[in-house]
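Lettering of chains follows the sequences in order, A, B, ..., and the numbering in each one begins at 1. No experiment lies behind these values; they were computed from the predicted model shown. Values below: all heavy atoms of this structure, side chains included; hydrogens, waters and symmetry mates excluded.
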Number of protein chains: 4
Amino acid sequence: METTSTFQNIPTDKQLRVLTEARAEFAERGFLGASMNRLAARLGIAKGSLFKYFGSKEGLFAKVFDQAVDRFSEGLRQARDETAGLPLAPRLERILDEGTRLVRQHPDIYRIYLKMLNHEDFPLRERFLSKVRALSTRFLTPVVLQARDRGELPPDLDPDLAVFVLDAVLDRFVLAQAEPWMAAGLALSLEDPEAARRTARKLAALLAGMLRANAPNPSPPEGTPLGIDPLR
Amino acid sequence: METTSTFQNIPTDKQLRVLTEARAEFAERGFLGASMNRLAARLGIAKGSLFKYFGSKEGLFAKVFDQAVDRFSEGLRQARDETAGLPLAPRLERILDEGTRLVRQHPDIYRIYLKMLNHEDFPLRERFLSKVRALSTRFLTPVVLQARDRGELPPDLDPDLAVFVLDAVLDRFVLAQAEPWMAAGLALSLEDPEAARRTARKLAALLAGMLRANAPNPSPPEGTPLGIDPLR
Amino acid sequence: METTSTFQNIPTDKQLRVLTEARAEFAERGFLGASMNRLAARLGIAKGSLFKYFGSKEGLFAKVFDQAVDRFSEGLRQARDETAGLPLAPRLERILDEGTRLVRQHPDIYRIYLKMLNHEDFPLRERFLSKVRALSTRFLTPVVLQARDRGELPPDLDPDLAVFVLDAVLDRFVLAQAEPWMAAGLALSLEDPEAARRTARKLAALLAGMLRANAPNPSPPEGTPLGIDPLR
Amino acid sequence: METTSTFQNIPTDKQLRVLTEARAEFAERGFLGASMNRLAARLGIAKGSLFKYFGSKEGLFAKVFDQAVDRFSEGLRQARDETAGLPLAPRLERILDEGTRLVRQHPDIYRIYLKMLNHEDFPLRERFLSKVRALSTRFLTPVVLQARDRGELPPDLDPDLAVFVLDAVLDRFVLAQAEPWMAAGLALSLEDPEAARRTARKLAALLAGMLRANAPNPSPPEGTPLGIDPLR
DNA sequence: AATGAATGAGGATTCATTCAT
DNA sequence: TATGAATGAATCCTCATTCAT
């Protein structure tokens, strides 16, 4: 199931080609739809070699998926760290932009990530999902905590709740660019990066405002006139 | 592609069994992974009958999927309409609760939706997904507009943006119950309905607050002194 | 295998519809390609009825084929008998024209006749082929014999040989109109009846001349200049 | 559709066996009737291998058919070229004899041709049949033209008409040996080669005479007095 | 180490036919 | 008599995987 040393020993550029082509095959067809036969033909190498390298279809997918998660988490972590000192809104905006950039630069990787999410009968699922979870939780939690510590957010805000919301919206924002039918009425398309940036800006402001406004008492008195909203 | 009259003519309880078992097969394996052979065996009927009933694997899936969408949309629409007069927060809470109820009552249906969402390049993907999206958008848009008209939300709030965020969070909230690894740090599990209800309450308040707090100018001047923030 | 009395008892126009549609199905798809399921659907009657009427697919085909042969032989026999007193060339021309007319009027029938010819593993083959053979041999032999008796053809002409050649060319002439790729360089198309008639005229003259010229000594001395051909 | 290199790489005798057995399967059952499953069983190899070799049933058929056409056209071309200097009658006789020889030597090939001719609406029908027709036309046209140029035939003879007749009779002559019920009253059977040769001799003389006798004016005046016909 | 021929289970689908209603 | 639901064998074809070379 694991990548064998045989694969490590072949020339680096061939390794790269194999993984790139495999990623494309999985991205285009999904795990079940992908075919080792077709992949071997794409690559012009022997079918046997693929099994020598990765043991099985699953083994190959594992390798491809690991790489995909690594590449995405790296980009996002960098965006987070570069904005460590900024207020929440610009940070979120930068993170959304980075999501845009990643999905544009590595569309195959993102599609594989998506396919993986709900692939229930996959043997290595546990391992993969823990990776994904860690990515999203460990990545956003510091952003929220730092904002709270800096006084930008109410101290009684539940950080888990905030991370949950941010994660959901961030995920959907990226997804909506890869899958236009997800964009609902928003201007989000791979063809118009500028529109995506404007939407990211508005979204970041909205999210930051939401968290800042979060009140400890869940449901405020009805009819409170907006003008004298105590939160403003 | 369409359900034939043959299927309409068989006993209702047999119709039910066929659709239930088919839903389970698709939920467990996804579209590509599902097998008409296996399904026929599960049902103890001839393979040919399935094709008589539904024409093709796609035809069967279409039937199952349409039913699923109907069942979910019905529940959500009801939740929305029953709360037509209430303020935003309790409405959202009720909608989140309804999502919880639906995913618990029809886990297979939700699993099929998930499979479709990210998973496979099956033939009718586009048609089905746009159906789901339209459902969700048409469903949430009135909620936002009514809240705005009632003065609960700022008049310059972009409704599409608000719907986008609500949809993303609602989706994730339901997903997190079907897939506990998605819950991040939140208390959300199919085993503890009470916890889910508490989380729904907090989440609804957070979202309502977000929309209320939304400012017309997307990104406020960076230097906004936090000092005069009443929340401090 | 035989048409049952059940079929004889249904309304005549329904009988007609069933046989017409069946003929079309067999003509379009061939025996193996034809589908009883599809035919029943075309007719809008129950599958079971077809089997009640004809016992089996083969039984239905037998019925259709018998009808086809009857209709063709009837037309040709009539053409022959109407021209009983004429010289050979006009008789052949009239027969060729009748072939043209038949294949234009009943294209399905002709296509079925063709399909039947080489359908080796058909159980009723013997019976069918004897019908076809009888048709062609019994039909043309009198034409040749009468021409010989009337002194139009050399008395030592082998009638079987003459019938063989006439049958081959007549068959091909009709076939070439049903299947244009068979026409080689000749002007023969279903769209242009006049061209077919001209070709028939030339062909009839050629054939009549051939038979008239037939010499008892098979291979004439080489180089014999045509001008002093002893046969003229 | 094309034969893959996989097939080229297996031992020659296995290649031969596969093609021979495939030819027999198609000859016995026709294109639709032939079964890849049955063929694999006949050969004692895996089903998958056949598809590796030829891609599809059509691909296999194309290979078998191309081989068949090649083998037949080669023999006929040789017969034609060997008799380039001879008068028409002996040339035709030699060609008829070669037809006899080919159908005896490769009965399966001829049976496949027959199946294709009239039988089925299989996918590549048009392509294959036009190939066969072109072969036959291109093959006979030079024979006719050379005879005309050598003064053996009237210069105003329509070559297309002559080729049409020759082709029809040649075809039927060969067919009559493969399918005795087609022989009408002629002595033509696979069991008695000598009888076939005698018939070929008579037929060749008849055909040569036909062409020689062909008059420029298609239909001679009906009243032509038979009394001065030297043949009487 | 790499190859690629061989495998045979399994895929979706169509079919002629039967028989209870 | 007519129906049409049920059957399950057979169709072509693809697949991941193995293993002798």
Side-chain angles (χ1 to χ4, degrees), chain A residues 4-7 9-10 14 32-41 44-60, chain B residues 4-11 14 32-41 44-60, chain C residues 4-7 9-10 14 32-41 44-60, chain D residues 4-11 14 32-41 44-60:
Chain A
T4 60
S5 66
T6 304
F7 183 65
N9 292 342
I10 65 176
K14 185 174 175 184
L32 285 178
S35 153
M36 298 295 270
N37 288 5
R38 200 186 296 118
L39 176 56
I45 69 172
K47 264 182 290 195
S49 297
L50 286 178
F51 287 87
K52 267 278 194 296
Y53 297 157
F54 307 103
S56 68
K57 193 184 185 181
E58 287 178 8
L60 171 56
Chain B
T4 61
S5 67
T6 301
F7 184 65
Q8 316 292 352
N9 293 344
I10 64 176
K14 186 172 176 184
L32 285 178
S35 153
M36 297 296 269
N37 287 6
R38 196 188 298 118
L39 176 55
I45 68 173
K47 267 184 287 194
S49 295
L50 287 179
F51 288 89
K52 262 271 186 291
Y53 297 157
F54 306 103
S56 65
K57 192 184 185 181
E58 276 187 29
L60 172 54
Chain C
T4 61
S5 66
T6 305
F7 184 64
N9 294 342
I10 65 176
K14 185 173 175 184
L32 285 177
S35 153
M36 297 296 271
N37 288 6
R38 200 187 295 117
L39 176 56
I45 69 173
K47 264 182 292 194
S49 297
L50 287 178
F51 287 88
K52 267 277 193 296
Y53 298 157
F54 307 103
S56 67
K57 192 184 186 182
E58 287 178 8
L60 172 55
Chain D
T4 60
S5 67
T6 302
F7 184 65
Q8 316 292 351
N9 293 345
I10 64 176
K14 185 172 175 183
L32 286 179
S35 153
M36 298 295 270
N37 286 5
R38 197 187 297 118
L39 176 56
I45 68 174
K47 267 184 290 192
S49 295
L50 286 179
F51 288 90
K52 263 271 187 295
Y53 297 159
F54 306 104
S56 66
K57 192 184 184 182
E58 277 187 28
L60 172 55

Position toward the 5' end of DNA chain F (nearest nucleotide), Met36(A) or Met36(D): Met36(D)
With heavy atoms under 4.0 Å as the rule, sort Lys47(D) into base, sugar-phosphate or nothing. base
Indicate whether OP1 or OP2 belonging to dA16(F) is found under 4.0 Å from a side-chain N or O atom of Arg38(A). no
Minimum heavy-atom separation for Phe51(D) and Lys57(D), please, with both atom names. CE2-N, 4.3 Å
Using a 4.0 Å heavy-atom cut-off, does Asn9(B) contact any base of the nucleic acid, only the sugar-phosphate backbone, or nothing at all? sugar-phosphate
Sort out the partner of dT21(F) for me: Watson-Crick or G-U wobble, both distances under 3.5 Å, none otherwise. dA2(E)
Just how far, in rounded Å, is P of dC12(F) from CG of Leu39(D)? 10 Å
Complementary nucleotide of dA12(E), counting Watson-Crick and G-U pairs under 3.5 Å: dT11(F)
With a non-hydrogen cut-off below 4.0 angstrom, is Ala34(D) in contact with a base, only sugar-phosphate, or nothing? sugar-phosphate
Students should find this one: the first and last nucleotides of DNA chain E, 5' to 3', lying under 4.0 Å from a heavy atom of chain C. What are they? dC15(E) to dT18(E)
Nearest-nucleotide check on DNA chain E, Asn37(D) vs Ser49(A); residue mapping nearer the 5' end is Ser49(A)
Just how far is it from atom OH of Tyr53(C) to atom NZ of Lys14(C), taken to the nearest 0.5 Å? 3.5 Å
Please state how far atom OH in Tyr53(B) lies from atom P in dT7(F), giving the value in whole angstrom units. 7 Å
Map Lys52(A) and Gly48(C) onto DNA chain E by nearest heavy atom, then report which one ends up closer to the 5' terminus. Lys52(A)
With sequence neighbours excluded, what pairs up with Ala40(B) under the side chain to side chain contact (heavy atoms under 4.5 Å, CB included) test? Lys47(B), Leu50(B)
Considering the options Asn37(C), Leu39(C), Leu32(C), which one meets the side-chain contact (heavy atoms from CB on, under 4.5 Å) requirement together with Ser35(C)? Asn37(C)
Could you check Phe7(B) against Lys57(D) and say which one's nearest nucleotide on DNA chain F is further toward the 5' end? Phe7(B)
Using a cut-off of 4.0 Å on non-hydrogen atoms, how would the nucleic acid contact of Ser35(A) be classed: base, sugar-phosphate, or nothing? sugar-phosphate
Under 4.0 Å, counting only non-hydrogen atoms across every strand here, what does Thr6(D) touch: a base, just sugar-phosphate, or nothing? sugar-phosphate
